[in-house]
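To start, the structure under review is shown below, and the notes come after it.
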Amino acid sequence: MQPSQPHRERWIVLVKRVAVFLAIFITVGCSMLLARHTGSVMSIWIPNGILVAVLLYAPDRRWLAYLLLYIAAFLLAHFITAGGLLGQHPWMALALALTHVLEILIVASAIRRGFPQIAEDTRFLRLGRIAFGSTLVACTLSSLMAAAILRAAIGAPYWNTVDWWFRSRVLGMVIVGTLSLVTLIQQRRMFGQPGKRLHMWRDVVLHAAITMAVFAQSRYPLLFIVFAPLLYLVFHYRFPGLVIGIAIVAVVTTVATALGRGPFDLILAATPGERALLAQVYLGVLCVVAVPVALALADRRRLSRQVSESENRYRLLADYASDLIMRISRDGTRRYVSPSVKDLLGWGIEEFIDSGSELIHPDDRALVAAAVARLWETGKPSLTEYRVRRRSGDYLWLEALVSVAPSPDRPGEMELVYTGRDITQAKEAQQALAESEQRLRTITDNVPALIAHIDEDQCYTFVNGYVSAMVGVQPQMMVGRTVEEVRGAEVYAVLKPHIELALEGTATTFEYEADYGNQHHYFQATYVPARTASGEANGIYALTTEITRMKQAEQQLAFLARHDTLTGIANRLAFGEGINAAIRRASRGGEPLLLMMIDVDHFKQINDTHGHAAGDAVLQELACRLRSAIRASDLLARLGGDEFVILCEDIATRDAAETLAGKITATMAPPVVFGDRRLSVTLSVGVALCRVDTADALMHLADQALYRAKEHGRARYELLSGEA
C-alpha cells in the first residue's frame with residue numbers, strides 16, 4: 001500500500017530535520033577538531049550559514065524546531081570535542097549556542113521581511129544588500145556577546161576574540177549561506193542544465209585543480225590565478241557556478257591554511273592566527289569580486305526575461321487582437337500591421353502596409369491629418385473617429401487611439417502606436433438615437449404644452465421648445481437652473497409642495513396662476529416621478545398646459561349665470577343667494593334688513609313710443625345711476641323687465657331708510673338722453689325695513705310697499721316696517 005499524503009509529508013519533514021541536525025553536528029565538530037589539531041582559529045564558521053538558508057527555505061512555523069535542532073547539535077558536538085572544558089564550564093556551551101541562534105535569527109528575519117519568498121525572479125541585488133547589511137549587524141552583536149562569554153569562562157582576550165569570531169562568522173554567512181540557499185532553490189539544476197552538465201563539471205574540475213595547485217605549493221604567490229576560473233564559472237553558470245566555485249576555494253583555503261600549506265606560508269614567522277586572518281581576507285576579496293557579479297548577472301537575466309516575456313505578450317496580444325494595431329513612422333510608413341486587418345477590413349497585411357491615406361474617406365482625411373500633426377507636435381495621445389474603405393468597397397468606422405512611443409527596433413527614433421476599433425455598429429446606433437431624439441424633440445417642441453424634466457436638485461435638465469411660446473423664455477435659458485431661479489420665489493412657493501411630493505414618488509395634478517409679459521395666466525400642471533431603466537429615482541417629469549382661455553370662459557359663464565346681460569348687475573339667481581346669506585347674518589345678530597323694490601313708471605309706454613332700444617337704454621341708465629347711489633356693500637339686482645331690487649344691511653332706523661329711499665327716487669330726476677331725445681323717467685319704490693326669518697317674507701313686505709306707492713300716484717316711495 002502507498003502511504004497517505006499527510007503521512008508521507010511527515011516523513012519528509014522528519015528526514016529534513018535529521019539532515020539538518022547531522023549537518024550542524026558534523027560542521028561544528030569538524031571546525032572544533034580542526035582548530036584543536038592545528039592550534040589556530042577557524043577561518044570560516046559553516047553551521048550558521050547552513051541554518052539561515054534552511055530557515056529562508058522553510059515556513060515560519062517550522063523555525064522554532066530547526067533552532068532547537070541547532071542548539072542540540074551544537075551542544076552534542078561541543079561535548080564530544082571540547083574534552084574536560086565543558087565539565088568545568090557547562091553553561092558556556094549553552095550561552096554560545098544561544099549567541100549563534102541570535103545571529104541566525106537576525107539575518108533570517110531581515111531577509112524574510114524584505115523577501116517573503118525567494119525565487120529566480122527575485123531582485124538579487126537588493127537581496128544581497130539586505131543580506132550583507134543584516135550579516136554585519138548580526139555578526140557584530142554575536143562577536144561582542146561571544147567574547148564576553150569566553151572571557152568570563154576561560155579568560156580569553158576580549159578584542160582578539162571579537163576579531164576572529166566576527167571574521168569567521170561573516171565569511172560563513174556569505175559563503176556557506178549563499179551556497180546552501182542556492183542549493184535549496186536550484187536543487188537538481190545545481191549540477192548544470194540538461195545537456196550541459198558535462199561541460200559544467202569539466203569546468204568545475206578544472207577550477208578545483210587550479211585552486212589545489214595554487215595551495216599545494218608555498219614558493220610562489222599565485223593566489224590571483226584562482227580569480228580567472230572562478231569568474232569564468234560565475235559568467236557561464238551564474239549562481240551554481242558562484243557557490244560551487246567559492247565553496248571549492250573556501251574548503252581548499254581553509255584546510256591548507258590550517259595545515260600550514262599554501263602561499264600564506266611565504267610569510268615568515270607568521271602565527272596560525274595571522275595565516276587564518278590572511279585566508280579570511282583572501283576569501284572576503286573573492287566574495288567581494290564574485291558575488292556582486294553573480295547578483296548583477298541574475299538581475300540582468302531577470303530583467304531580460306521580463307522584457308522578453310513582455311515583448312512576447314505584446315506580440316501575442318497584437319497578433320491575436322480583434323482591434324487593428326499598427327506602428328507608424330514619422331513619414332507615415334506602416335512598420336507593423338496586426339493580422340486582424342484581414343478580418344476587419346479584408347486587406348492583406350502587405351496590401352495594407354503599401355496603401356496610404358487613399359483608404360481614408362475623403363471627408364475625413366483633413367481630420368486625420370490634423371490629428372496626426374497635433375499628435376507629433378504635442379506628444380499627447382489622441383482619440384479620433386474616421387472611416388476607412390474596406391476591400392469590398394464599403395466604409396468602416398474606426399475609433400483610433402494613437403500615442404507617441406520610442407521605436408523598439410530603431411534606437412533614438414519615435415513612432416506612433418495605433419489601436420483602431422470597429423465602431424460602425426455604435427455609430428449606426430448613435431445616428432439612429434440622434435434621429436430618434438430629433439423626432440422626439442420635434443414632437444415635444446410642437447406639443448401645445450410645457451414638457452420638462454427636473455432632477456433631484458430641482459434643476460431643469462430638459463425643456464421643450466413650446467416654453468418660449470407659452471411664457472416667452474428660451475429652453476436653453478432654463479436648463480441647468482433651478483425651478484426657483486426660473487419661475488421666481490412667488491410661483492416657486494406654489495410649485496414647491498407638488499415638486500417635493502413627486503420627488504417622494506407620488507404623482508400630482510394641480511392648477512396655479514402666474515404673470516408673464518404683463519398678462520395673467522392660468523396653468524394646469526401634472527408632476528410624475530421619473531425613474532431610470534433600472535428603476536432608480538431620477539427626478540420628475542412635468543407636463544404643464546396653459547388653461548387661461550378655459551379659465552376665462554369659466555369665469556365668463558360664472559358671471560353670466562349671476563349677472564344680468566343687459567345691465568351687468570346681479571340677476572335673480574345672484575339676488576337669491578345674496579338675500580339668503582344676508583338673512584342668516586341678520587338673524588344671528590338680531591338686526592333688521594332693508595329691501596327696496598323698484599319699478600319704472602309707465603315703462604311699457606317708453607317701449608311702445610320710442611322702441612325697445614330706448615327701453616334698454618333707460619334700463620341701462622337706471623342700473624348705472626342706482627349703482628352710484630348705493631354703498632359698495634349693498635346688493636343691486638334686476639329681477640326681470642323693469643323690476644329692480646336693492647338689499648341693504650346695517651340700516652336700523654326708519655329715518656335712514658327714508659333718506660336712502662328718497663335718494664333712490666331722486667336718481668332719475670335728470671332725463672335719460674337717447675339719441676336726440678330726452679326721456680323723462682320716474683320710479684315707484686317699495687321699501688321694507690324689518691327683522692325677518694325668510695326671504696319670501698321680506699319680499700312680500702317690500703312688494704306691498706311698492707303696490708302702495710303705485711296706488712298713491714307713482715314717482716314716490718312707500719316704507720313698511722315691523723316684524724315679519
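Please read these numbers as outputs of a predicted model, since none were measured by experiment. By convention here, the first residue in the shown sequence is residue 1. Side-chain atoms are counted along with the backbone in the values below, which use heavy atoms only and exclude waters and symmetry mates.
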**Report entry** side-chain hydrogen bond (donor to acceptor under 3.5 Å, both in side chains) between Asp394 and Ser392, worked out
**Finding:** CA-CA 6 Å; Asp394 57 328; Ser392 56; 2.4 Å; yes

Query raised in the report: CD of Glu377: more than 12 outside heavy atoms within 6.0 angstrom?
Result: no

Requested in this report: Say whether, by atom type as modelled, one donor and one acceptor occur between the side chain of Thr378 and the main chain of Arg374 under 3.5 angstrom.
Outcome: yes

Query raised in the report: Has Arg330 got its NZ or CZ under 6.0 Å from the middle of the six-membered ring of Trp376, at an angle within 45 degrees of the ring axis?
Result: yes

Query - Euclidean distance, Leu720 CG relative to Gln704 CD, rounded to 0.5 Å - result: 6.5 Å

Requested in this report: Compute whether any side-chain donor of one residue and acceptor of the other, for Gln524 and Tyr512, lie under 3.5 angstrom apart.
Outcome: no

**Report entry** Heavy atoms from other residues, nucleotides or ligands near CD of Gln425 exceed 12 (cutoff 6.0 Å)
**Finding:** no

Query raised in the report: Under 3.5 Å, is there a donor-acceptor pair linking the side chains of Arg714 and Ser684?
Result: no

Query raised in the report: Residues in ring-ring contact (aromatic ring centres under 6.0 Å, His included) with Tyr418, at least two apart?
Result: none

Report summary line: salt bridge (Lys or Arg N to Asp or Glu O under 4.0 Å) filter on Glu385, not counting sequence neighbours, yields Lys427

Requested in this report: Check the angle between the aromatic planes of His520 and Tyr522 and answer parallel, tilted or perpendicular using the 30° and 60° thresholds.
Outcome: perpendicular

Requested in this report: Consider only side-chain N and O atoms of Tyr717 and Arg708, and report whether a donor and an acceptor are under 3.5 Å apart.
Outcome: no

Query raised in the report: Nearest 0.5 Å, what's the CD1-CD distance between Ile423 and Glu428?
Result: 11.0 Å

Requested in this report: Using the test side-chain contact (heavy atoms from CB on, under 4.5 Å), find all partners of Ser587 that sit at least two apart in sequence or belong to another chain.
Outcome: Ile583, Asp693

**Report entry** Minimum side-chain heavy-atom gap Leu636-Phe575 below 4.5 Å
**Finding:** no

Query raised in the report: Are side-chain N/O atoms of Asp655 and Thr653 paired as donor and acceptor at under 3.5 Å?
Result: no

Query raised in the report: Do you see a donor-acceptor pair shorter than 3.5 Å between the side chains of Asp564 and Thr567?
Result: yes

Report task. Tell me, please, which residues at least two apart from His602 pass ring-ring contact (aromatic ring centres under 6.0 Å, His included). Result -> none

Query raised in the report: Distance from Asp634 atom CG to Leu660 atom CG, nearest 0.5 Å?
Result: 7.0 Å

Query - Distance in Å, Glu643 CD paired with Asp599 CG, rounded so as to fall on 0.5 Å steps - result: 5.5 Å

**Report entry** Any side-chain heavy-atom pair of Val681 and Leu622 under 4.5 Å
**Finding:** no

Report summary line: Residues at least two apart in sequence or cross-chain that pass ring-ring contact (aromatic ring centres under 6.0 Å, His included) with Phe674, listed by chain then number, are none

Query - Heavy-atom pair with the smallest gap, counting every atom of Leu635 and Gly578 - result: CD2-CA, 4.0 Å

Requested in this report: Could you tell me whether the side chains of Asp696 and Thr694 share a donor-acceptor contact shorter than 3.5 Å?
Outcome: no

**Report entry** Lys NZ or Arg CZ of Arg334 over Phe352 ring: under 6.0 Å, within 45°
**Finding:** yes

Query - Exercise: do His712 and Glu718 side chains pair donor with acceptor under 3.5 Å - result: yes

Report task. Start with the C-alpha distance between Lys496 and Glu484, add both sets of side-chain angles, then the distance that settles salt bridge (charged side-chain N to carboxylate O under 4.0 Å, His left out), and finish with yes or no. Result -> CA-CA 9 Å; Lys496 182 180 178 181; Glu484 185 176 9; over 6 Å; no

**Report entry** Heavy-atom pair of closest approach, residues Pro529 and Ala502
**Finding:** CG-O, 3.5 Å

Report task. Enter the distance from Ile454:CD1 to Asn538:CG here, rounded to the nearest 0.5 Å. Result -> 12.0 Å

Query - Set of ring-ring contact (aromatic ring centres under 6.0 Å, His included) partners for Tyr527, sequence neighbours left out - result: Phe510

Report summary line: What one should report as the nearest heavy-atom pair of Arg631 and Glu649 is NH2-O, 2.6 Å

Query - Sidechain-backbone polar pair: Asp601 side chain, Ala715 backbone, donor-acceptor under 3.5 Å - result: yes

